[in-house]
Amino acid sequence: MSPVLVRGRFNALAMPIDQGRMLWGKRILGDHKTWRGLFAGIVTGALVFELQKYAYEAEIARELALIDYSAHPLVPGLLMGAGSGVGDVVKSFFKRRVDIEPGASWPVFDQLDFFVGAYFFVSLVYAPPLLLTIASLPVILLGNVASNVIGYWLGFKETWI
Ligand code: CTP
Ligand code: MG
């Protein structure tokens with residue numbers, strides 16, 4: 001959600017990652033994938049990690065933690081944020097190849113791109129249990145649709161899915 005929330009701010013970073021370049025007559029990524037959105041995801045990943053670490057150290061819902069947060073610096077949060085953003089960008093690359101306009105929906109791929117990217121990136125420092133990862137897929141799918149509906153309703157997003 002973070003790229004949507006920073007729209008209209010930090011305009012110096014609002015340039016498209018592909019700089020308008022084309023591949024086989026089509027944009028590589030399109031105007032909707034900006035450095036601003038990518039950085040927003042990385043910063044948000046780090047902030048959420050710090051929040052979870054704070055909760056862990058304050059013994060709030062510690063039984064839900066998969067890792068010992070005190071033993072980790074920011075790295076897993078940065079990797080989750082960067083992985084989400086890169087997963088989303090890779091998805092847009094394929095979306096342009098199959099001729100879907102920026103902003104139009106591509107069900108399932110749009111819902112899982114960030115999850116797959118975050119999973120691979122964070123695996124560099126911590127491999128989440130496989131069963132838990134598979135079990136979280138429907139939660140991620142439904143959570144993403146729910147956040148899109150709320151974002152659409154609040155006027156942040158163009159499509160509800
Ligand atoms: N966004 C951004 N930079 C990114 C990712 C997202 O600026 N790296 C912003 C764009 O304003 C984008 C919005 O967040 O329109 C919603 O992101 P997303 O749904 O991932 O992009 P789409 O608009 O659907 O574009 P695409 O078809 O390329 O996925
Ligand atoms: Mg979209």
Side-chain angles (χ1 to χ4, degrees), residues 1-53 72-128 132-161:
M1 290 171 73
S2 53
V4 178
L5 297 177
V6 294
R7 269 199 306 220
R9 291 165 232 258
F10 312 108
N11 289 333
L13 289 171
M15 58 279 197
I17 298 167
D18 71 4
Q19 298 178 317
R21 290 205 194 93
M22 316 280 277
L23 176 71
W24 304 318
K26 292 172 199 158
R27 282 288 293 274
I28 299 177
L29 301 172
D31 280 336
H32 289 194
K33 297 293 125 119
T34 65
W35 288 109
R36 176 174 63 193
L38 205 54
F39 287 130
I42 297 172
V43 171
T44 306
L47 285 176
V48 171
F49 184 85
E50 275 307 292
L51 265 176
Q52 290 182 212
K53 185 171 181 166
H72 285 278
L74 271 181
V75 178
L78 290 170
L79 286 172
M80 296 268 293
S84 308
V86 170
D88 177 50
V89 162
V90 170
K91 181 275 321 269
S92 286
F93 174 83
F94 289 108
K95 215 170 161 181
R96 298 299 89 79
R97 307 286 72 72
V98 295
D99 245 346
I100 302 175
E101 289 296 309
S105 62
W106 196 20
V108 185
F109 296 99
D110 278 332
Q111 274 66 55
L112 295 181
D113 52 6
F114 65 95
F115 180 71
V116 175
Y119 180 84
F120 280 116
F121 270 53
V122 86
S123 295
L124 292 171
V125 292
Y126 167 76
L132 185 81
T133 306
I134 294 168
S136 52
L137 280 174
V139 180
I140 297 285
L141 262 170
L142 292 178
N144 183 274
V145 172
S147 77
N148 276 354
V149 170
I150 295 168
Y152 178 71
W153 183 59
L154 292 174
F156 288 118
K157 287 206 59 117
E158 296 83 20
T159 52
W160 67 269
I161 190 165

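Every number for a ligand or one of its atoms is a count from 1 in the order of the listing. Note: hydrogens, waters and symmetry copies are ignored here, and every other heavy atom, side chains too, is used. Nothing here was measured: the structure is a model prediction, and the numbers come from that model. The residues of the chain are indexed from 1 along the displayed sequence.
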Do any nitrogen or oxygen atoms of G103 lie less than 3.5 angstrom from nitrogen or oxygen atoms of ligand 1? yes
Y126 OH: over 12 foreign heavy atoms closer than 6.0 Å: yes
Among R96, K95, R7, the residue with a heavy atom nearest to atom 28 (O) of ligand 1 is R96
Heavy-atom nearest option to atom 9 (C) of ligand 1, drawn from G151, A40, P3, S84: P3
Check: of R27, H32, M1, K33, min heavy-atom distance to atom 20 (O) of ligand 1 comes from K33
Are S105 and D110 packed together at the side-chain level, in the sense that at least one heavy-atom pair is separated by less than 4.5 angstrom? yes
Taking only non-hydrogen atoms of P102 and a 4.0 Å limit, the atoms of ligand 1 in range are 27 (O)
Apply side chain to side chain contact (heavy atoms under 4.5 Å, CB included) to L38 and K33, showing your working. CA-CA 8 Å; L38 205 54; K33 297 293 125 119; over 6 Å; no
Out of all atoms in ligand 1, which are within 4.0 Å of some heavy atom of E101? Include the element for each. 27 (O)
Considering only protein heavy atoms, which is closest to atom 7 (O) of ligand 1, and at what distance to one decimal place? T34 OG1, 2.6 Å
Measuring from the heavy atoms of G30, does anything fall under 4.0 Å of ligand 1? no
Angle class for the F115/Y119 ring planes (parallel below 30°, perpendicular above 60°, tilted otherwise)? tilted
If we number the atoms of ligand 1 from 1 as shown, the ones under 4.0 Å from a heavy atom of L38 are 8 (N)
Output the list of atoms in ligand 1 that are nearer than 4.0 Å to some heavy atom of K91, sorted by atom number. 29 (O)
W106 CH2: over 12 foreign heavy atoms closer than 6.0 Å: yes
Is the backbone N or O of M22 less than 3.5 Å from a side-chain atom of R96, with the two atoms forming a donor-acceptor pair by type? no
Look only at the side chain of D18 and the backbone of G30, and say whether a donor-acceptor pair between them is shorter than 3.5 Å. yes
Check if R36 has a non-hydrogen atom at a distance under 4.0 Å from any atom of ligand 1. no
Which residue and heavy atom of the protein sit nearest atom 16 (C) of ligand 1, plus the separation: V4 CG2, 3.7 Å
Contact (N/O only, under 3.5 Å) between D88 and ligand 1: yes
Nearest protein heavy-atom contact for atom 19 (O) of ligand 1: which residue, which atom, what distance? K157 NZ, 3.2 Å
Given side chains that start at C-beta, do those of N144 and F114 come closer than 4.5 Å, heavy atoms only? yes
Should you measure from each heavy atom of S92, which atoms of ligand 1 turn up under 4.0 Å away? 26 (P), 28 (O), 29 (O)
Look at the side chain of E50 and the backbone N and O of L47, then say whether any donor-acceptor pair between them is shorter than 3.5 Å. no
With a 4.5 Å heavy-atom cut-off, do K91 and L112 have their side chains touching? no
